[in-house]
Amino acid sequence: MPLKIDFHVHSNCSYDSAITPKEIIYYARRSGLDGVAITDHDRIDCALKIACENPFLIIAGIEISSLGGHIIAFGISEPIPKGRGVDETVDRIHEKGGIAVACHPSALFKESLGRHVTSKFDAVEVVNSSSFPFSYCVKRNKALASTLGVPKVAGSDAHYGPEIGYAYTLVDAEPQETDVLLAIKKGLCKPVGRAIPFQIRLKRAIRTLT
Ligand SMILES: [Zn+2]
Ligand SMILES: [Zn+2]
């Protein structure tokens, strides 16, 4: 049985998310996930800490704000600096032994990579449940990943607990971080997911305002 892993979740260490570590695990289990990747904006310390402290499969990642758009890195133990070019950022991730994912490359209002995605990336996030317009993005991202010949992954981009699990990647691997990341590199993965429903987005917006 492949593992079900949501590859894009923000903990409350991200300035725009309120999800506590406890909630991440609660909602991940409730959605039937086998694991979750924590990808805070430009920091990895909380993700590493949560991964260490919990028996649940947590993959520590970071969503880096490069000059060309957002890039997710996995398999690294220290932050990659923000504000650098796309090529340099991907090179730095690889130098540290990590893998680089082009997240939500076609989404509007998200600082997306757009034309900056190249075959240097180890994967493209084809399904991102927070992307707008959702169906258009999935179609475009799929075509992009296929043209470049890179593996396809999926994540919810959750910033509110109930959003976790709306997208996940089926990974043919043992439930350990190194094996999961190796499987992604080899393309032993399949993106699955849908858009976060409007009611949940609304609840999140109300929560943010109050
Ligand atoms: Zn992003
Ligand atoms: Zn994100």
Side-chain angles (χ1 to χ4, degrees), residues 3 5-11 14 35-48 51 58-107 110-131 137-138 140-157 167-173 176-191 193:
L3 301 173
I5 302 175
D6 182 342
F7 268 93
H8 194 155
V9 171
H10 291 269
S11 82
S14 287
V36 73
I38 298 177
T39 53
D40 289 320
H41 294 288
D42 301 301
R43 60 186 291 185
I44 195 166
D45 54 331
C46 300
L48 289 167
I58 304 273
I59 294 166
I62 176 172
E63 184 170 12
I64 308 151
S65 306
S66 83
L67 289 176
H70 289 173
I71 297 171
I72 286 180
F74 296 118
I76 52 166
S77 50
E78 47 191 281
I80 304 288
K82 64 175 184 176
R84 309 288 168 98
V86 173
D87 248 32
E88 186 188 336
T89 307
V90 174
D91 286 344
R92 279 174 179 254
I93 295 167
H94 288 156
E95 277 161 23
K96 302 273 180 200
I99 69 169
V101 180
C103 52
H104 56 70
S106 314
K110 261 188 182 294
E111 295 184 51
S112 303
L113 286 163
R115 61 187 171 82
H116 296 292
V117 187
T118 65
S119 54
K120 270 175 88 161
F121 281 88
D122 301 285
V124 168
E125 184 187 65
V126 164
V127 184
N128 173 302
S129 303
S130 312
S131 282
C137 289
V138 174
R140 250 190 102 104
N141 298 340
K142 262 189 189 160
L144 177 67
S146 298
T147 307
L148 297 173
V150 301
K152 304 176 181 83
V153 295
S156 62
D157 206 352
Y168 54 85
T169 310
L170 291 171
V171 191
D172 218 342
Q176 311 160 1
E177 178 174 315
T178 43
D179 206 47
V180 167
L181 297 181
L182 191 65
I184 297 291
K185 258 188 116 162
K186 287 184 181 165
L188 302 171
C189 51
K190 192 179 167 221

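Start at 1 with the first residue, then count along the sequence.
- Nearest heavy atom pair, residue Ala47 against residue Asp40, reads N-OD2, 4.4 Å.
- Taking a 6.0 Å sphere around CZ of Arg140, one finds it holds 12 or fewer heavy atoms contributed by other residues, nucleotides or ligands.
- Rounding to the nearest 0.5 Å gives a distance of 5.5 Å between CD1 of Ile64 and CD1 of Ile80.
- Under a 3.5 Å cut-off, the side chain of Thr39 and the backbone N or O of Gly61 do not form any donor-acceptor pair.
- The distance from the CG atom of Leu3 to the CG atom of Leu188 is 11.5 Å, given to the nearest 0.5 Å.
- Residues Ser112 and His104 have side chains that bring a donor and an acceptor to within less than 3.5 angstrom of each other.
- Across Asp6, Ile58, Ile44, a single residue satisfies side-chain contact (heavy atoms from CB on, under 4.5 Å) together with Ile38, and that is Ile58.
- A donor-acceptor distance shorter than 3.5 angstrom exists from the side chain of Asp122 to the backbone of Ala100, with no hydrogens or angles considered.
- What you find for Val126 and Asn141 is that their closest heavy atoms are O-ND2, 3.1 Å.
- Summarising the geometry, atom CD belonging to Glu78 is positioned 10.0 Å from atom CG belonging to Leu48; distances are rounded to the nearest 0.5 Å.
- Distance check: Cys103 SG to Leu113 CG gives 6.5 Å after rounding to the nearest 0.5 Å.
- Within the 4.5 Å cutoff, the side chain of Glu125 has no heavy atoms near those of the Thr169 side chain.
- No side-chain heavy atom of His116 sits under 4.5 Å from any side-chain heavy atom of Ser66.
- Counting heavy-atom neighbours within 6.0 Å of Lys82 NZ, excluding the residue itself, gives a total of 12 or less.
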>> One pair to check against salt bridge (Lys or Arg N to Asp or Glu O under 4.0 Å): Asp172 and Lys190. What are the steps and the verdict?
In response: CA-CA 9 Å; Asp172 218 342; Lys190 192 179 167 221; over 6 Å; no
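- One N or O on the side chain of Asn128 and one on the backbone of Ser131 form a donor-acceptor pair closer than 3.5 Å.
- Classification of the Phe74-Phe7 ring pair by plane angle, with boundaries at 30° and 60°, yields perpendicular.
- Heavy-atom minimum distance, Ala73 versus Ile76: CB-CD1, 3.9 Å.
- Between Glu63 and His8 there is a side-chain heavy-atom pair separated by less than 4.5 Å.
- For the pair Val180 and Val171, the tightest heavy-atom approach, listed with the atom from each and the gap, is O-CG1, 4.0 Å.
- Closest approach of Ala145 to Lys152, counting heavy atoms only: CB-CG, 3.7 Å.
- A distance of 11.5 Å separates CG of Asp87 from CG of Leu67, quoted to the nearest 0.5 Å.
- The two residues Cys189 and Pro151 come nearest to each other via the heavy atoms SG-CB, 4.0 Å.
- When side chains are defined from C-beta on, Asp42 does not count as touching Pro79, because their heavy atoms never get closer than 4.5 Å.
- Between Ile71 atom CD1 and Arg84 atom CZ the span is 12.5 Å, to the nearest 0.5 Å.
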